[in-house]
Amino acid sequence: MNVAEQVGQSTVKTFDAKKVRQDFPILDQNVNGQPLVYLDNAATTQKPNAVIDAISDYYRGYNSNVHRGAHSLSDKATAVFEAARETVATFVNSPKKEQIIWTRGTTEAVNLVAHSWGRANIAAGDKILVSTLEHHSNIVPWQMLAQDKGASLIPIPVSEKGEIDLQAFAALLDSRVKIVSIGHVSNALGTINPVKDIIAEAKKIGAKVFVDGAQAVAHFPVDVQSLNCDFYGFSGHKLFGPTGIGVLWGREELLNEMPPYHGGGEMIETCSFAGTTYNQLPYKFEAGTPDIAGAIGLAAAIQYLQCFDRDEVSAHEHDLLEYCHQRAATCEGLKRVGEAKNIAGVFSFLLEGAHPSDVGMLLDQQGVAVRTGHHCAQPLMDALHIPGTVRASFSIYNTRDDVDRLFAALEKVKQFL
Ligand code: PLP
């Protein structure tokens, strides 16, 4: 099943990526003397005018602190900031907006859960499962927790194709497994993990599940209720929003039971030297002045994305990947890395006789921006016995012309080898 089928659509209808490009001013420029081809979307996406304008409007028109003002600007900032939370809640189908916690990004969402839920619920001898595909930000916080508590962090193996070994996963599940933390989509290979099945299995033994949605939310709709996960995290900047803002969604009863993560203003109900009582959700987890412009920008990004038929977006991106794979099949010396059945947004590869970073540099000289290296997934690279890959990652505004430019540039790269 491909991405398009997964979201119930298999053909591109009216979606027009060339028109979409016009909403993204940064794309209209030359880099190193060539029109820019931006294929580093898994690292960060570009921002449409709608997002740039929303942030600018805030700073130009109603910049003020939230929740604490006795004046009109602050009231407006608070209203728009809280409306942004509502937008995110609807976007992931959260039962309540109070279950949306602002974070700095996916990394902070994982750290929040590892620190708060983890410290309260993980004991010596317990097990935490992650897959070998994970980004470091979905490994290291759990590793730190496991070290502190005398628990074990256990990697679920992946196949050569880059798919989680579900049999091995099932065999690892026992009563000591307290949490499973899984990426929805791998940033290094693009594998769409069968998170719904993984969650269902984990629930059978009473384990909690965190889903790292950093690479998923821009590519297909996410419904936390249908997934039945306990926590879901993502970053605004990979979803056409600004850097520095992200989201943790959590199951209400778990969030209510969890101790605060950071202490400070806004997260308290009362504070005295005799003791402090904590605010209700979501503020209990939002100490200090939040990234107000970031939240407003993220909501604008979500509203922008929702202007499109999400099935058409997925179908368009899938078409680009299919086209890329066709071109790759006839590109001498190119070896795909990651051939999972279900892939979103990512084309990872190696060029025979060339180090990935040299390929990246030579592509950049031709105006083609990709990422090279281990992609913050060193355990995966170790498992695949490679130092890293070249990664072209696609988004809503990429076209088949971009794929053609990539392959034309690769032919030139080969001449330098
Ligand atoms: N998880 C995945 C799968 C990612 O791709 C990334 C970033 O590349 C992260 C987590 C961390 O995201 P951030 O740096 O925005 O916190």
Side-chain angles (χ1 to χ4, degrees), residues 38-47 51 88 92 101-115 130-144 155-156 158 162-164 180-195 198 209-220 222 227 229 231-249 261 291 294-295 297-298 301-302 317 337-338 340 342-348 369-381 388-395:
Y38 186 77
L39 296 177
D40 195 18
N41 295 289
T44 199
T45 53
Q46 299 301 350
K47 319 305 169 201
V51 169
V88 174
V92 296
I101 315 290
W102 299 118
T103 64
R104 285 187 293 134
T106 313
T107 304
E108 192 177 50
V110 183
N111 276 279
L112 194 164
V113 175
H115 199 93
V130 294
S131 88
T132 306
L133 283 169
E134 301 310 314
H135 187 281
H136 297 160
S137 63
N138 195 23
I139 296 176
V140 183
W142 303 116
Q143 200 166 41
M144 290 160 72
I156 309 163
V158 292
E163 291 175 323
I164 291 179
V180 179
S181 193
I182 292 287
H184 205 159
V185 173
S186 153
N187 66 309
L189 307 181
T191 312
I192 304 175
N193 292 318
V195 287
I198 289 172
V209 183
F210 182 104
V211 180
D212 167 354
Q215 297 293 341
V217 282
H219 295 301
F220 50 80
V222 166
L227 286 176
C229 54
F231 302 103
Y232 197 97
F234 62 94
S235 305
H237 71 100
K238 294 183 196 285
L239 181 62
F240 315 110
T243 50
I245 187 78
V247 170
L248 169 70
W249 175 86
Y261 173 45
D291 183 354
L298 174 54
I302 290 173
E317 291 175 355
V337 181
N342 298 318
I343 292 188
V346 169
F347 172 59
S348 241
V370 295
R371 171 126 181 222
T372 61
H374 54 61
H375 313 297
C376 296
Q378 275 184 346
L380 173 64
M381 298 300 142
T389 73
V390 183
R391 181 187 71 186
S393 50
F394 296 93
S395 187

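FYI, the numbering just counts along the sequence from 1. All ligand and atom numbering here is 1-based and tracks the order in the structure.
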Checklist entry - For ligand 1, is N138 a contact, meaning one of its heavy atoms is under 4.0 Å away? => result no
Item to check | H237 and ligand 1 - part of the residue with a heavy-atom distance under 4.0 Å | outcome: side chain
Checklist entry - Looking at H184 versus F220, is the centre-to-centre ring distance below 6.0 Å? => result yes
Item to check | Any donor-acceptor N or O pair under 3.5 Å, side chains S235, T106 | outcome: yes
Item to check | Shortest protein heavy-atom distance from atom 12 (O) of ligand 1, along with the residue and atom involved | outcome: S235 OG, 3.5 Å
Next on the checklist: Within ligand 1, which atoms have a heavy atom of N187 less than 4.0 Å away?
Outcome noted: 5 (O)
Checklist entry - So do H115 and M144 actually touch side chain to side chain, heavy atoms under 4.5 Å? => result no
Checklist entry - Looking at ligand 1, does E108 have a heavy atom less than 4.0 Å from it? => result no
Item to check | Non-hydrogen atoms of Y232 and L227 that approach each other most closely | outcome: CE1-CD1, 3.8 Å
Checklist entry - What do you reckon, are the aromatic ring centroids of H135 and H374 less than 6.0 Å apart? => result no
Item to check | Option with minimal heavy-atom separation from atom 14 (O) of ligand 1, where the choices are V346, T107, T103 | outcome: T107
Checklist entry - Does T106 approach ligand 1 within less than 4.0 angstrom via side chain, backbone, both or neither, non-hydrogen atoms only? => result both
Checklist entry - Among protein heavy atoms, which lies nearest atom 3 (C) of ligand 1, and at what distance? => result D212 OD2, 3.5 Å
Checklist entry - Any side-chain donor-acceptor pair under 3.5 Å between E317 and H219? => result yes
Item to check | atom 4 (C) of ligand 1 [closest protein heavy-atom partner, distance rounded to 0.1 Å] | outcome: H135 CD2, 3.3 Å
Checklist entry - Among all protein non-hydrogen atoms, which one is nearest to atom 5 (O) of ligand 1, and what is the separation to 0.1 Å? => result Q215 NE2, 2.7 Å
Checklist entry - Nearest to atom 9 (C) of ligand 1, what protein heavy atom do you find, and at what distance? => result S137 OG, 3.5 Å
Checklist entry - For the residue pair S393 and D40, what are the closest heavy atoms and their distance? => result OG-C, 3.3 Å
Checklist entry - Taking all non-hydrogen atoms of both residues, which atom of H375 and which atom of N187 are closest, and how far apart? => result O-ND2, 2.8 Å
Checklist entry - What is the closest protein heavy atom to atom 8 (O) of ligand 1, and at what distance does it sit? => result K238 NZ, 2.6 Å
Checklist entry - Where's the contact between H375 and ligand 1, heavy-atom distance under 4.0 Å: side chain, backbone, both or neither? => result neither
